[in-house]
Structure formats: C-alpha cells, structure tokens
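Heads up, the thing below is written out as structure tokens.
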Protein chains: 2
Amino acid sequence: MKKVATTQDEGGLASATARRTVAPMPSVRPTRRAVTVASTIYRDLRSEIVSLKRKPGEPIAEKQIAEAYGVSRTPVREAVLKLADEGLIEIFPQSGTFVSRIPLDALPEAFAIRKALEEATVRYAAERATRSQIAMLRANLELQREMQETANYQGFHQADETFHALVAEIAGYPGFWTLIQQTKVQIDRYRLLTLPVRGRIAEVIAEHTAIVEALAANDAVAAIMALDAHLDDLQISVDDVRASYPRYFTAPGDPA
Amino acid sequence: MKKVATTQDEGGLASATARRTVAPMPSVRPTRRAVTVASTIYRDLRSEIVSLKRKPGEPIAEKQIAEAYGVSRTPVREAVLKLADEGLIEIFPQSGTFVSRIPLDALPEAFAIRKALEEATVRYAAERATRSQIAMLRANLELQREMQETANYQGFHQADETFHALVAEIAGYPGFWTLIQQTKVQIDRYRLLTLPVRGRIAEVIAEHTAIVEALAANDAVAAIMALDAHLDDLQISVDDVRASYPRYFTAPGDPA
DNA sequence: CGTATAATATTAATATATCACTTTAGAATG
DNA sequence: CATTCTAAAGTGATATATTAATATTATACG
C-alpha cells in the first residue's frame with residue numbers, strides 16, 4: 001500500500017520514528033513564508049481586483065493565469081483560495097471562479113466596523129501621542145499637501161493610507177490598521193467605482209489636520225469627533241449607483 | 001427550467017469563441033464551497049488547535065494527517081495554509097510546520113480590538129433593541145443559568161458565545177461577531193491554558209444580566225460600562241504565566 | 001418553432017509525482 | 001575523543017494527472 005523511499009526502513013516501528021518530536025525553540029528563524037510564486041500571484045491578482053482592472057463578475061481562468069506566469073495551477077489555486085477567503089473572489093464549484101461582485105448590503109456593516117476600529121485608534125492615540133509622533137503626523141500632512149499641489153492622486157492616496165496607519169501605530173496598536181485594511185477592501189472598490197478622483201482632496205486634508213490638532217492637544221473627544229466628520233464624508237449613498245453598474249453588485253438579500 | 005439570457009452578449013465584437021465572457025447573474029446558486037474534504041480537515045484541525053488538543057509548538061505532519069483521513073496531501077495543504085493565514089499554524093519553509101505558539105505580546109492588542117468591536121455592538125444594540133430581541137437575550141440568560149446549575153461548562157461556554165453573537169445581531173451587524181471570533185482565537189487559547197474552568201460563571205452571568213438590563217433601557221452608556229466591566233474581568237495577566245509553560249509562548253520582541 | 005433531452009466540454013476538487021532544500025545522524029579523519 | 005564532512009530522510013513547494021459534477025451546446029421530438 002504504502003511504498004516509501006525504497007530503502008530499508010528500520011524494523012522497529014516505534015523506536016525509530018521520533019525525528020523531531022518537539023518544536024524549533026526560539027532561534028533566529030530565517031524567513032517564514034518567503035517570497036514564493038503563490039504569494040506573488042496573490043499580490044498581483046489582489047491588486048488587479050482592488051484596482052478594478054478586473055471587473056466584478058469577471059471570470060477567472062486558473063489555467064490561463066498559470067500559463068501567463070509559466071507555472072502550474074497549484075500556486076495559482078493557492079492564491080485564488082486566499083482571495084476567496086477575503087471575499088474578493090467567488091468560487092462556484094464545478095462551474096467557475098469569478099471576481100466578486102461588490103456586496104452592497106454588506107457595505108454599511110463594513111463601514112461601521114471601520115468606524116469602530118478607527119475611533120478606538122484615535123482615542124488611544126490621543127492619550128499616548130508624544131511630541132515626536134505628532135511631528136511625524138504633521139510631516140505626513142505636509143506630504144499630502146505636496147501631492148495635492150502636484151496633482152499626484154496616486155501619491156495622495158498612498159499618503160492618506162499612511163496617515164491612518166500612523167495613527168494606529170501611535171495608538172500602540174498597529175494591528176488595528178491591518179484589520180481595517182482588510183475590512184475596507186469592498187468599500188475601496190465601491191468608492192473607486194463611484195467617485196472617479198473627485199476633487200475632495202482639500203477637504204480631506206483639512207479633516208486630517210483637525211484630527212492631528214486634537215491629538216496634539218490630547219483631546220480624545222475632539223479627535224473622535226473630527227474622525228467621525230472625516231468618515232461621514234466618505235459615507236455611502238447606496239441608492240442610485242446600482243442603476244449605473246447593475247452587474248457589478250449583488251442585490252440586498254440575494255446571496256450572502 | 002431557468003433559461004436566463006442564454007447567448008446574448010451585448011458587445012457584439014468577438015461573438016464566436018467566448019464561452020462565458022460574463023458572469024453568472026444572480027440566480028439561486030446551489031452551494032458555494034460545499035462541504036469538501038479540505039473544509040472538513042480545516043474544521044477538525046482548527047478545533048484541535050483551539051482546544052489545545054494539539055499543543056503550541058507541536059509539529060504538524062501533513063503526510064500523517066493525509067493518511068489518517070485517507071486522502072492525499074493536497075486538501076490537507078489547503079487546510080494548513082488557511083490556518084497559517086489565521087495565525088494558528090506557522091510554516092517554516094523547508095523545515096516544518098508547527099502549531100503556533102501563543103504570541104503573548106500580541107494579546108493586548110487582540111483584546112483592545114475585541115473591546116472596540118464589542119463596545120460598538122452594544123452601543124448600536126442599545127439604540128435599536130426591540131422588546132422581542134430583549135426577550136431573546138433574557139431567554140439566553142436563562143439558558144446560561146441552566147448550564148450553571150447542571151455544571152455543564154461546555155454548554156455554558158456555548159451559551160456565552162451565543163449571547164455575544166445575539167448582541168451583534170441585535171445591533172444589526174452580525175458580521176461584527178464573526179470578526180470578533182477571528183481576533184479572539186489566540187486569547188481563547190491563552191485563557192484555556194491559564195484558567196482551567198474557574199468558577200467565575202456566576203459573575204459572568206451577573207455581568208451579562210447587567211448588559212441586558214442596560215440594553216432593555218436603551219441606555220447605551222450604561223451598556224458600554226457594563227460591557228467594559230465584563231471584559232476587564234477577563235483581562236490578561238501576562239506576567240508570571242510564561243514561567244509555567246515557557247515553550248507555549250513567543251517572547252515579546254521575538255518573532256512577530 | 002419551441003421544448004426537452006442527450007452529448008460534450010469546462011472546471012473545481014482531489015490524487016499522485018517530482019524537485020529543492022534543510023536538518024540530522026553517522027562516518028571518516030585528525 | 002572531538003570535529004568535520006557526507007549521505008539519508010523528511011518536508012515544503014510545485015508539477016502533472018485524474019475524477020466528478022455542472023453548464024452549455026447540439027439534437028431530436030412534439
């Protein structure tokens with residue numbers, strides 16, 4: 001039944017087995033999950049989906065991707081499964097794999113989660129922020145203004161994300177931002193689809209500035225209020241959008 | 001039966017080849033990700049790790065698990081990768097895979113995340129709770145008391161989890177609880193290891209009752225206070241525990 | 001001409017095989 | 001006896017093949 005490596009196996013079964021019964025105790029482990037083909041494909045695919053380069057509802061052909069990368073389907077599958085866990089890809093067994101439609105009815109909840117998590121970060125940050133950390137935030141604000149002046153929308157978005165990450169780091173809980181990013185994905189796709197780089201940058205910077213001032217004053221309440229104002233501006237108007245891109249969304253109450 | 005839009009693709013350009021250029025439009029999809037071997041193994045493994053049946057640091061032999069289930073290594077690998085994403089398993093390339101040690105230094109942050117999310121749920125729940133929903137909570141409290149009387153700790157834990165899930169559902173955001181459960185995993189392992197079924201059940205029920213009363217009165221502030229008291233009681237005393245089970249934890253500052 | 005049915009093909013899910021690397025035990029050497 | 005080198009075995013990562021189920025297409029029948 002089982003043909004192991006053709007060589008002699010030591011007859012005593014119990015005695016020989018214990019090769020590594022116990023764990024690798026804390027030593028300098030090299031790299032955990034190094035850059036592998038699967039991780040590369042994962043990153044690429046994710047980026048293409050979030051940037052809407054791959055449209056919601058579009059089929060995903062594992063074989064084709066595998067050929068494009070010159071690899072087998074195994075690493076592709078690993079990436080696809082991971083994306084399916086994140087809700088960016090939907091797998092219908094024996095039918096096909098597709099880029100997820102944006103679950104409109106789940107967006108308000110995702111937004112509420114983001115709000116809850118970010119409020120916590122600004123509260124902690126207001127309590128703990130040091131002068132040097134406030135200075136880092138101000139430096140980031142300056143960067144945002146530069147991006148505005150040079151009309152570098154891509155760069156502004158990057159700086160915007162860094163701003164929120166910084167707040168979480170100042171709060172002492174960088175993991176908050178990691179989690180926020182995960183829950184934010186569908187919202188990002190939605191916003192990218194609905195408002196094509198609206199000129200709201202000036203307002204966003206003003207709102208960011210208000211948050212920083214509140215943090216600098218160690219005023220948690222004011223910081224939360226400023227954050228709420230910031231987030232509410234990004235709020236969602238689910239209504240009439242579905243009409244324009246009906247096939248990009250799942251109807252409320254349809255599939256979960 | 002359902003003959004929906006068979007062969008009408010709107011863009012009449014490449015009419016010939018494209019077999020499925022566009023997506024499966026919302027119809028009653030049978031099962032997405034049905035019960036598969038991989039999902040079964042995933043659930044089993046996860047349960048064994050969370051229940052500490054598999055000790056932190058213990059090696060995981062893919063081949064052995066595959067043989068135990070009578071399957072190949074592929075579905076096992078799928079399950080292992082998913083668990084690695086959750087942080088329950090650590091994969092060291094070309095070395096081995098092991099049950100994760102409990103990351104002590106990450107526990108405070110996980111706890112803060114849980115607190116932020118649960119506070120949000122009780123706030124929303126206090127605003128929205130209907131009388132029938134309050135009644136459901138009271139029924140759950142009764143169930144908790146029954147479990148206490150029959151000394152059914154397993155059942156109590158189950159009811160406890162249901163209580164928090166109910167609160168999230170009343171808040172209108174059941175996804176909050178899903179997320180909380182994910183972040184809670186390492187904390188659960190820690191608590192299972194440190195306090196073996198302490199007789200805190202009576203206090204827990206009292207705290208749960210206080211939360212329900214505040215929700216019934218639509219008093220968000222009181223509800224949050226009651227929740228904080230509840231969670232603070234579960235708080236972590238990271239200090240002296242590491243001494244007793246040193247190999248079950250990762251040192252602060254060690255590997256992330 | 002429309003509907004039901006059978007044939008076909010696509011694809012997810014799983015099985016099996018191979019490769020590369022690392023760890024570790026044993027042999028050879030000083 | 002200690003140290004270093006070498007070979008074996010285990011494991012992760014990837015490749016290739018097979019199976020089973022579904023949807024699509026073609027075909028036959030009313």
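A quick note: this is a predicted structure, and the numbers were derived from the prediction, not measured. In what follows, chains are A, B, ... by sequence order, proteins preceding strands, each numbered from 1.
Between the C1' atom of D:dA13 and the OH atom of A:Tyr69 lies a distance of 18 Å, rounded to the nearest Å. In this entry the distance linking CD of A:Glu62 with P of D:dT16 reads 15 Å, nearest Å. Rounded to an integer number of Å, the gap from A:Lys63 NZ to D:dT18 P is 14 Å. D:dA15 atom C1' lies 14 Å from atom CD of A:Glu67, rounded to whole Å. For the pair B:Ile60 CD1 and D:dG10 P, the computed distance is 18 Å after rounding to whole Å. Per the geometry, CG belonging to A:Leu83 stands 14 Å off P belonging to C:dA12, to the nearest Å. Taking atom CZ of residue B:Phe98 and atom C1' of nucleotide D:dG12, one finds them 12 Å apart after rounding to whole Å. The separation between A:Phe92 atom CZ and C:dA12 atom C1' is 13 Å, rounded to whole Å.
Here C:dA12 is the nucleotide among D:dG12, C:dA12, D:dT14 with the atom lying nearest to any side-chain atom of A:Ile91.
A 4.5 Å side-chain heavy-atom check between B:Leu107 and B:Phe111 finds every atom pair outside the cut-off. Side-chain contact between A:Leu88 and A:Arg46: present, with at least one pair of heavy atoms (C-beta onward) separated by less than 4.5 Å.
The side chain of B:Thr97 contributes no N or O atom lying less than 4.0 Å from OP1 or OP2 of D:dT11. The shortest distance between the side-chain N/O atoms of A:Thr36 and the OP1/OP2 oxygens of D:dG12 is not below 4.0 Å. Contact annotation: B:Arg73 does not reach the phosphate of C:dT16 (side-chain N/O to OP1 or OP2, under 4.0 Å).
Classified by interplanar angle (parallel below 30°, tilted 30° to 60°, perpendicular above 60°), the ring pair B:His164/B:Trp177 is parallel.
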Go through the steps to decide whether A:Lys184 and A:Glu161 satisfy the test salt bridge (Lys or Arg N to Asp or Glu O under 4.0 Å), and finish with yes or no.
CA-CA 11 Å; A:Lys184 212 164 64 75; A:Glu161 301 263 304; 2.9 Å; yes

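Between the side chain of A:Thr74 and the base of D:dA15 there is at least one donor-acceptor pair of N/O atoms closer than 3.5 Å.
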